[in-house]
Amino acid sequence: MARTAFLPFPLAGAGASNVIYLGAALCRRKFELFYPDGFGDETYLVAERSHKERAHLEWETELGAADFRKLLARGEFRAIADAAVRIEARANLLFSFERMAVRDAVKSPAGARLFATELYAFLYGHGSPQRRFNDWIEALADLPQRKSRVLTWPVATVFGFIARPDRHLFFKPRAMRKAAHDYGYALAYQPTPAWPLYQDLLTFAAVVRRDLDRKPGFKARDMVDLQSFMWVQGAPEYQP
């Protein structure tokens, strides 16, 4: 994955001034317990980064901006939806019930069209980040749903994370909330996806990146490294 510049997200969000720097140091030490060489650790690259990076490369091959636009122009909405779901499934970032909810939602022509057109606008369209995110979550809310809701935080953020890891972060609430708590960042959680929390989450990522950049071996390449750092703090498999 090519190294890309981060967007200059402001550090003056609701939680940014409340970071407890002892918490930040403890989180870094916890990461080092599992991956002593930081983001260059060979075990880290295999266990946390490789499958996320591979998903991004697959996305670039199948649904990069130019190819995505051509598929839209040809009306191949179902092909777009199927490719998006398939790429995520290989990375295995969503829970199975979340993935099934998306698959069910895009089975109909109307669902596939709504998903494809609004996903392109969210990833590659014009307008402010706030407007594009709001339009995207509104589209997810409007998709057909059967057993499980489509509009969840993981579904709302996973495709942006895979497609644009230079600017989008994947949010699994339980793990990321624990990461913010342990870090000392006051993340104002709400269960329904909304721009203010997503913006706050991006600010949290910018704070973490700023702090880690000062330490050898911890210069984040992109949001994949930052999401993985947060995941280690909060995921069940990393708990004592």
[atom1] of [X]: more than 12 outside heavy atoms within 6.0 angstrom?
X	atom1	value
Arg214	CZ	yes
Arg132	CZ	yes
Gln239	CD	yes

Open item on the list: Check whether Asp200 reaches the backbone of Pro196 with its side chain - one donor and one acceptor, N or O, closer than 3.5 Å.
Closed with: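 No: the side chain of Asp200 does not pair with the backbone of Pro196.
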Open item on the list: Determine whether a donor-acceptor pair (N or O, by modelled atom type, separation under 3.5 Å) exists between the side chain of Lys172 and the backbone of Leu94.
Closed with: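 No, because the side chain of Lys172 does not come within donor-acceptor range (under 3.5 Å) of the backbone of Leu94.
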Taking atom [atom1] of [X] and atom [atom2] of [Y], what is their separation to the nearest 0.5 Å?
X	Y	atom1	atom2	answer
Leu202	Met223	CG	CE	5.0 Å
Leu140	Phe159	CG	CZ	8.5 Å
Leu226	Leu201	CG	CG	10.5 Å
Leu169	Met176	CG	CE	4.0 Å
Lys178	Gln233	NZ	CD	7.5 Å
Ser128	Phe133	OG	CZ	12.0 Å

Task: Qualifying residues under side chain to side chain contact (heavy atoms under 4.5 Å, CB included), relative to Pro173, sequence neighbours excluded - done: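 With neighbours one apart ignored, the set is Trp153, Pro154, Phe171, Arg177, Tyr189.
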Task: Lys52/Gln227 under side chain to side chain donor-acceptor pair (under 3.5 Å): CA gap, chis, key distance, verdict - done: CA-CA 10 Å; Lys52 301 166 188 174; Gln227 187 272 341; 2.7 Å; yes
Minimum-distance pair of heavy atoms, taken over all atoms of [X] and [Y]:
X	Y	answer
Ile137	Pro193	CD1-O, 3.3 Å
Gly160	Leu123	CA-CD2, 3.6 Å
Ala180	Leu187	CB-CB, 3.9 Å

Looking at [Y] and [X], is there a salt bridge between them, counting it only when a charged N and a carboxylate O are closer than 4.0 Å?
X	Y	value
Asp104	Lys107	yes
Arg49	Asp222	yes
Asp82	Arg78	yes

Quick one: does [X]'s side chain get under 4.5 Å of [Y]'s, heavy atoms only?
X	Y	value
Tyr185	Thr203	yes
Phe218	Asp213	no
Trp59	Asp67	no
Asp182	Leu26	no
Tyr124	Arg69	no
Tyr198	Gln130	no
Leu45	Ser50	no
Lys219	Leu212	no

Task: Test log, rule salt bridge (Lys or Arg N to Asp or Glu O under 4.0 Å), inputs Glu62 and Arg86 - done: CA-CA 11 Å; Glu62 296 192 47; Arg86 183 178 65 253; 2.4 Å; yes
Run the ring-centre check on [X] versus [Y] and record whether the distance is less than 6.0 Å.
X	Y	value
Tyr120	Phe77	no
Phe122	His168	yes
Tyr238	Phe31	no

Task: Pair Tyr44-Phe34, ring-ring contact (aromatic ring centres under 6.0 Å, His included): steps then yes or no - done: CA-CA 8 Å; Tyr44 162 74; Phe34 296 94; over 10 Å; no
- [ ] Determine the interplanar angle of the Phe97 and Phe95 rings, folded into 0 to 90°, and report it as parallel if under 30°, tilted if 30 to 60°, perpendicular if over 60°.
- [x]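 Parallel, since the angle between the ring planes stays under 30°.
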Open item on the list: Is there a path of hydrophobic side-chain contacts, each under 4.5 Å between heavy atoms of I/L/V/M/F/W/Y residues, joining Val85 to Val158?
Closed with: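 Same cluster.
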